[in-house]
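I have placed the structure first, in the form of structure tokens, so that the comments after it can refer back to it.
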2 protein chains.
Amino acid sequence: MKNLNHSNTQTIVKGELLSSPGKIAKNGYFVKTGCLKSYIIDSEGKEHIIQFAPEHWMIGDLNSFTFDVPSEIYVEAIEDSEITLISKSEYQNLDLLEKEEVIEMSNKYRNNLIASNKRVISLLSSTAEQRYIDFTETYPTLVQRLRLKLIASYIGVTPEYLSEIRRKLVKK
Amino acid sequence: MKNLNHSNTQTIVKGELLSSPGKIAKNGYFVKTGCLKSYIIDSEGKEHIIQFAPEHWMIGDLNSFTFDVPSEIYVEAIEDSEITLISKSEYQNLDLLEKEEVIEMSNKYRNNLIASNKRVISLLSSTAEQRYIDFTETYPTLVQRLRLKLIASYIGVTPEYLSEIRRKLVKK
DNA sequence: GAAAAAAATTAAGGTAGTTTAAGAAATGAG
DNA sequence: CTCATTTCTTAAACTACCTTAATTTTTTTC
């Protein structure tokens, strides 16, 4: 992460809300320790998790951050965490960055895109049980750290049904 | 697209397969005219569309292209099209590119990521009917050009059920 | 422009996942 | 440690969406 630390480190506690809908996102967040989540609340009041960001991940509303439109998502700490801010002025205009830094950003976008595409495929083609198994294999450490409720929201099922899935898998 | 046309323009006909699972992707594709689709076939033989690429979009298996792992997807023309190849040697090593070109790539990844994230949210939080309405509003020109079957596969329902959704919407 | 092939429609029956609700277990606060 | 709160589990009734299959419509091909 050479050169990406122009901004200060901040300490935040579990439950702290860094970003919420309606505002234009002024920052992205880079997680040094702990874990954040981004999520939306749908028209029926249900929470859907867009992304988890444990150590070394970036999180934020890229759409709002990039195009100066009001954000639609929440960003919240799910553990006590240390983060650094990624300020808009720096990253919106890539021209201002060194070529190396642009490459670094580009690689982060690309890897994030690859992960997002895989998730789309998984949502389109796998059952909830398979998505849960995939999650446990892809993010074994997160499975330990996260509440079932959060994992359920991420893979797109109710906590009740995930509970049932787990019971079935234990029996096997 | 200044400077991105190092490669030749190719003309392909509807139905032509540019890429298939198992091979390591040697190229990405930039669409000048026409339309391509990328898709997977799941373990039950069902097709799931990952992306449509009409004029000015890029398409390909970024994961395979980037990390030299065997591809898992098909890329196929759904209209007669003109495309240019995006060769791996150029884009895998961003170092070799001019800063401007890196910025251009970064922006394409970023915009693609924003679109992919929106799709994840939509799959998690919206009903099939709402996803169809969103699709018609987001891609009005594609709705005209694409067969119902393809749209159904993209939004994640069977053609039969999309047909039913349409009937309901016409009645309203 | 006629025959063949592919796509779309309709409907009945089925299933994966949701809803609701209530009790048990784990976590958090003082 | 203890009470309050949140999370997890279980189960029964329900619904969004799927499957199958037959018919109609559209598109492709020669």
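Letters go in sequence order (proteins before strands), and every chain restarts at 1. These figures come from a predicted structure and were not determined experimentally.
- The separation between B:Glu160 atom CD and C:dT9 atom C1' is 9 Å, rounded to whole Å.
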What's the verdict on side chain to side chain donor-acceptor pair (under 3.5 Å) for B:Ser38 and B:Gln51, showing C-alpha distance, side-chain angles and the deciding distance?
CA-CA 5 Å; B:Ser38 62; B:Gln51 194 200 330; 4.5 Å; no
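- Between B:Glu164 and A:Pro159, the residue whose closest nucleotide on DNA chain D is further toward the 5' end is A:Pro159.
- Distance, A:Glu47 CD to D:dT6 P: 14 Å, rounded to whole Å.
- Atoms CD1 (B:Ile165) and P (C:dT10) sit 14 Å apart, rounded to a whole Å.
- Taking five base pairs at each end of the helix from C:dG1-D:dC30 to C:dG30-D:dC1 and finding the rotation axis that steps the C1' atoms of four pairs onto the next four gives two axes whose angle is 80°, to the nearest 10°.
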If you apply the rule side chain to side chain donor-acceptor pair (under 3.5 Å), what do you find for A:Ser125 with B:Asp42, and how did you get there?
CA-CA 6 Å; A:Ser125 64; B:Asp42 71 19; 5.5 Å; no
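- Rounded to whole Å, atom C1' of C:dT18 lies 10 Å from atom OH of A:Tyr161.
- Linking ILVMFWY side-chain heavy atoms closer than 4.5 Å, directly or via other members, places B:Ile50 and B:Leu18 in a single hydrophobic cluster.
- Neither OP1 nor OP2 of D:dC17 sits under 4.0 Å from any side-chain N or O of B:Thr158.
- The shortest distance between the side-chain N/O atoms of B:Arg167 and the OP1/OP2 oxygens of C:dT10 is below 4.0 Å.
- If you measure from atom CZ of A:Arg145 to atom P of C:dT27, you get 16 Å, rounded to the nearest angstrom.
- At a threshold of 4.0 Å, the pair A:Arg145-A:Glu79 counts as salt-bridged, since one of the basic side-chain nitrogens sits closer than that to a carboxylate oxygen.
- Atom CZ of residue A:Phe67 and atom CG of residue A:Asp61 lie 11.0 Å apart, to the nearest 0.5 angstrom.
- Rounded to an integer number of Å, the gap from A:Asp42 CG to C:dT18 P is 12 Å.
- Residue B:Leu146 contributes atom CG, which lies 16 Å from atom C1' of D:dT26 at whole-angstrom precision.
- Rounded to an integer number of Å, the gap from B:Ile78 CD1 to C:dA6 P is 17 Å.
- With rounding to the nearest 0.5 angstrom, the CD1 atom of B:Ile165 is 9.5 Å from the CG atom of B:Leu148.
- Between B:Arg147 and the phosphate of D:dT27, there is a side-chain N or O to OP1/OP2 separation shorter than 4.0 Å.
- Near DNA chain D, defined here as any heavy-atom distance below 4.0 Å, the residues from residues 148-157 of chain B are B:Gly156, B:Val157, listed numerically.
- Applying the 4.0 Å criterion to OP1 and OP2 of C:dG28, one finds that A:Lys14 has a side-chain N or O inside that range.
- Contact of the A:Leu169 side chain with the A:Ile133 side chain is registered, since non-hydrogen atoms from C-beta on lie closer than 4.5 Å.
- Using cut-offs of 30° and 60° for the angle between ring planes, the B:Phe30 and B:His56 rings count as tilted.
- Enclosure of atom CD in B:Glu72 is not indicated, since only 12 or fewer non-hydrogen atoms of other residues, nucleotides or ligands lie within 6.0 angstrom.
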